[in-house]
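Down below is the structure, laid out as C-alpha cells.
Just so we're on the same page: letters track the sequence lines, and every chain starts at 1.
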Amino acid sequence: MRCSEMFAPTLREVPAEAEVVSHQLMLRAGMMRKAASGMYTYMPLAWRVLKKIMQIIREEMDATGGQELLLPIVQPAEIWRETGRWNVYGEEMFRLKDRHGREFCLGPTHEEIITALVKGDVRSYRQLPLLLYQIQDKFRDEIRPRFGLMRGREFIMKDLYSFDRDEEGLERTYKKMYAAYTRIFRRCGLHFRPVEADSGAIGGSATHEFMVIADSGEAAIVYCLNCDYAANTEKAECLSPEHAAANLLALEEVATPGQRTIDEVAKFLHVGPERCLKTLFYAADDKVVGVIVRGDHEVNEIKLQNYLACVHLALAAPETVQALTGAPTGYAGPVGLKNVTLLADYAAAAVQNGICGANREHAHLMNVNSGRDYEPRAILDLRLITTHDPCPRCGGEVKFARGIEVGQVFKLGTKYSKALDCSFLDEKGQEKPIVMGCYGIGVSRTMAAAIEQNSDANGIVWPVPIAPFHVIVVPVSVKDSAQMDMAEQIYRTLQEAGLETAIDDRDERPGVKFKDADLIGYPVRVTVGNKAVAEGTVEVKVRRTGAEFKYALDDYVRQIKELLGNLSDS
RNA sequence: CGGGACGUAGCGCAGCUUGGUAGCGCACCUCGCUUGGGACGAGGGGGCCGCAGGUUCAAAUCCUGUCGUCCCGACCA
C-alpha cells in the first residue's frame with residue numbers, strides 16, 4: 001500500500017468529542033469517523049484490523065466445529081414476543097415498522113432468530129450437536145453511548161449458538177468454546193482474564209466474561225492472589241462470616257441530630273462504620289423491600305434482583321421511605337418496621353450490638369441485634385465484595401481490577417428452545433428441548449480494547465497479529481532517487497516475502513511521516529535516508545520498544561520476520 | 001430521563017458580555033525553498049456562525065423554540 005493513495009487522514013489535534021485513548025487515537029489515526037452518536041464508519045485501516053480479528057475468530061470457531069452463516073439484521077417482533085423479550089429488552093431495542101405496520105427490530109442479539117431457524121430444520125438427535133455462528137453488526141439503543149467503540153449503538157459482534165441434546169453435551173461445548181476464546185484473545189495479543197459473571201437479562205446458568213484488563217474498563221473485577229478465582233464484582237460471592245458469641249446489650253435510643261449518613265453517624269457515636277446497619281428501600285416491580293447491609297458495605301443490586309426475580313429494580317423514592325418509616329431518609333432502621341419485607345445481608349445480620357436508624361428523625365438505635373430486635377425474611381448474600389473479603393474459593397486475598405468485556409460465554413439451557421418450542425427426537429423417539437449455549441465476542445470493542453492496552457504518547461502500538469500492516473517503509477526524501485529506488489526495492493521485497501507492507505511515498509518532511517507512522521502504529525519501520533543509501537544497510541525501528549537495528553541487504557527480510565515473530569510472542 | 005456544557009471552515013479554537021454582516025492556528029491548493037522527528041516565505045480557496053422563529057434600521061452576538069454532540073448522574077439515605 002502506498003501512503004500517497006491511502007485513505008487515512010490523520011489529525012494533529014485531538015477531536016473534542018473523544019474522551020478515552022482508543023477513541024482519540026482511532027480518530028487521529030484516520031481509522032474511523034462518527035456518523036451519529038454511537039455509530040461509526042470504519043475506514044480502511046480500521047477495517048484491516050477488524051478483518052484480522054475476525055479471521056482469528058473464524059479460524060478458532062471453525063476449528064471448534066462451528067459453521068458460519070448470516071442472519072437477518074431486521075427481525076420480526078413476533079419471535080421476540082414468544083420469548084417475552086420484546087418487552088424485557090425495552091428501550092434498548094431499535095424498533096421499526098414496515099409499510100404494512102408490522103413491527104420489527106434491529107437485532108440486538110440473535111438467540112430468537114437462530115432458534116427459530118433450528119426449530120424448523122433440526123428434528124433428530126443425529127443432527128446434534130450443532131454449532132452455528134455469525135459475525136455482523138448488532139444494534140442496541142444504549143441509554144448513553146460513550147467512549148467511541150467501547151459502547152456504541154451499532155457494533156460488530158460474533159455470536160455462536162450451540163445446540164446440544166443434553167446438559168453433558170452443553171458442558172462439553174461450553175468447555176471447548178471457553179478454550180477457543182482463550183486462544184482467540186491470546187492470538188490477538190491481549191492481556192485478558194476470564195471471570196465468572198452474572199447471566200443478566202439473557203438468562204441461563206453458568207457464564208464467564210472475558211475481560212481485557214485496562215483501567216478505562218467499565219467493568220470491575222475481583223481476582224484471587226492465591227488461586228485462579230476471578231469474577232465480575234456483580235457476581236463475586238461474599239461468604240457468610242463466622243458467628244461469634246458476644247454479650248448482647250440492651251437496646252437503647254440515642255439522639256443523633258442532623259446525622260444522616262453512615263459516616264456522620266459513625267463519627268458522631270465514635271464507632272466504625274462496620275458497627276452500623278444501612279437500611280435501604282428498593283422498589284422491585286410493584287413492591288417495596290427493605291435491604292440491610294453493614295455500614296461499610298454496598299448493596300449488590302444484581303444479587304438482589306436475582307433473588308427477587310423482578311424486572312425493574314430501583315431505590316425507592318424518599319417519599320416512600322418517609323411513608324414506610326415515618327422518618328426522612330437517613331434515619332431508617334429495621335427495628336419495628338412493619339408492612340415491608342426485610343432482607344439482610346449475611347454480614348449485616350452478623351453485626352452484634354449494632355447501630356441503625358430509629359425510624360425517627362434525629363435518632364438512632366444502639367445495640368441492635370438480628371433475631372432479637374428484628375427478624376429479616378431472609379439472610380443471604382446481597383452485597384458487593386470488598387478487598388477485605390476472603391476469596392470465596394480458597395480464602396485467599398483478593399484484589400480489584402478494571403476490565404473491558406470483550407467476550408462472554410453462556411450456558412443458556414432450554415430457556416429459548418422451550419419458549420420457541422425447539423426440540424428434537426432422541427433414540428427412543430422421545431421429544432426433548434434442545435439445550436443451548438451462546439458465545440459472543442465484541443469484535444469492534446476488541447479492537448478498541450487492544451488500543452486501550454497498547455498505546456503510548458505517540459500513538460497506537462498494535463500487537464503484530466492484528467496490526468493493519470506489519471511494516472512501513474519510509475523514504476526520507478521522495479525527491480532523492482537513490483533513496484526512492486532503495487525504498488521501492490525494499491517495499492517490493494518485503495511484500496513478496498509475505499509481509500504486509502506500506503510505503504510512505506508522500507512528499508512530506510520526514511518528521512511528518514515518522515509522526516504518522518507512530519500514530520498509526522506500524523510494528524516495524526524501515527527508514528531509507530542518506531545513511532542507509534551510503535552504507536547499504538537497512539535501518540529498522542521497532543515501534544513498541546523504540547529499538548533500532550541495521551541489517552545487511554541480503555539478510556534483512558529474515559531479520560524483520562524474526563523481529564515480528566518475537567514481538568508476537570511477547 | 002435528570003444535571004452540566006458545547007454547536008462559528010476538515011480539526012482545534014477566539015469573537016457573543018457592550019448587535020454594525022467573521023477571525024486565528026493547523027490542515028488544504030499554487031509557487032519558491034527545504035528534507036533523519038509534525039520547517040519556512042509568498043500567494044490562494046473554503047463558513048447563509050446547527051436549524052427555525054422573534055426583537056431590531058441591523059443578529060454569530062439578545063429572546064424563544066428545536067435538533068445535534070459530549071460529560072456527570074440516573075445507585076448506597
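A ring-centre distance under 6.0 Å is not found for A:Y346 and A:H297.
Of the candidates B:A74, B:G38, B:C76, B:C76 carries the atom nearest the A:K278 side chain, counting heavy atoms from C-beta on. For A:K34, the listed nucleotide lying nearest its side chain is B:C70; candidates were B:C70, B:C11, B:C75. When distances are taken from the side chain of A:T261 to each of B:G38, B:A77, B:C28, the shortest belongs to B:A77. The side chain of A:P510 sits closest to B:U35 out of B:C11, B:U35, B:A77. Here B:C76 is the nucleotide among B:A39, B:C70, B:C76 with the atom lying nearest to any side-chain atom of A:V299. With distances taken from any side-chain atom of A:S477 to the nucleotides B:A77, B:G36, B:U35, the minimum falls on B:U35. Side chain of A:L315, nearest nucleotide from B:C75, B:G37, B:G36: B:C75. Between B:G36, B:C75, B:C26, one nucleotide has an atom nearer to the side chain of A:R12 than all others, and that is B:C26. Residue A:L280 has its side chain nearest to B:C76 when only B:C76, B:G25, B:C70 are considered. Looking at the side chain of A:R146, the nearest of the listed nucleotides B:U35, B:C71, B:G12 is B:C71.
A:A316 comes within contact range of at least one nucleobase, with a heavy-atom separation under 4.0 Å. Across all strands shown, A:V14 has heavy atoms under 4.0 Å from sugar-phosphate atoms exclusively, and none from any base. Using a 4.0 Å heavy-atom criterion, one finds that A:R33 contacts no nucleic acid atom at all. Residue-level contact check: A:D518 touches the bases, meaning some heavy atom is under 4.0 Å from a base atom. At the heavy-atom level, A:S37 lies under 4.0 Å from the strands shown only through sugar-phosphate atoms. When heavy atoms are screened at a 4.0 angstrom cut-off, A:R260 is found touching the sugar-phosphate backbone but no base atom. Residue contacts shown for A:A532 include a base, since a base heavy atom lies under 4.0 Å away.
In this structure, B:C75 forms no base pair with any nucleotide, since neither Watson-Crick nor G-U wobble geometry is met with both distances under 3.5 Å. With a 3.5 Å ceiling on both atom-pair distances, the Watson-Crick or G-U wobble partner of B:C26 is B:G10.
Judged by distance alone with a 3.5 Å cut-off, no donor-acceptor contact links the side chain of A:R28 to the base of B:G12. Contact of A:K479 with B:U34 (side chain to base): a donor-acceptor pair of N or O atoms is detected under 3.5 Å. Judged by distance alone with a 3.5 Å cut-off, no donor-acceptor contact links the side chain of A:N530 to the base of B:G36. For A:K541 against B:G37, a side-chain-to-base donor-acceptor contact under 3.5 Å is present. On a pure distance criterion of 3.5 Å, a polar donor-acceptor pair joins the side chain of A:E539 and the base of B:G36.
Residues A:R372 and A:S370 bring no donor and acceptor atom of their side chains to less than 3.5 Å of each other. A:E452 and A:S22 share a donor-acceptor pair across their side chains, judged by distance under 3.5 Å alone.
Around the CG atom of A:D555, the shell of radius 6.0 Å holds more than 12 heavy atoms that belong to other residues, nucleotides or ligands.
When each of A:G295 and A:V528 is assigned the nucleotide of RNA chain B bearing its nearest heavy atom, the one mapping closer to the 5' terminus is A:V528. Between A:V321 and A:A16, the residue anchored nearer the 5' end of RNA chain B, judged by the nucleotide with its closest heavy atom, is A:A16.
Below 30°, between 30° and 60°, or above 60°: for A:Y42 and A:W47 the angle between ring planes is below 30°, a parallel geometry.
Heavy-atom minimum distance, A:V335 versus A:D373: CG1-O, 3.6 Å.
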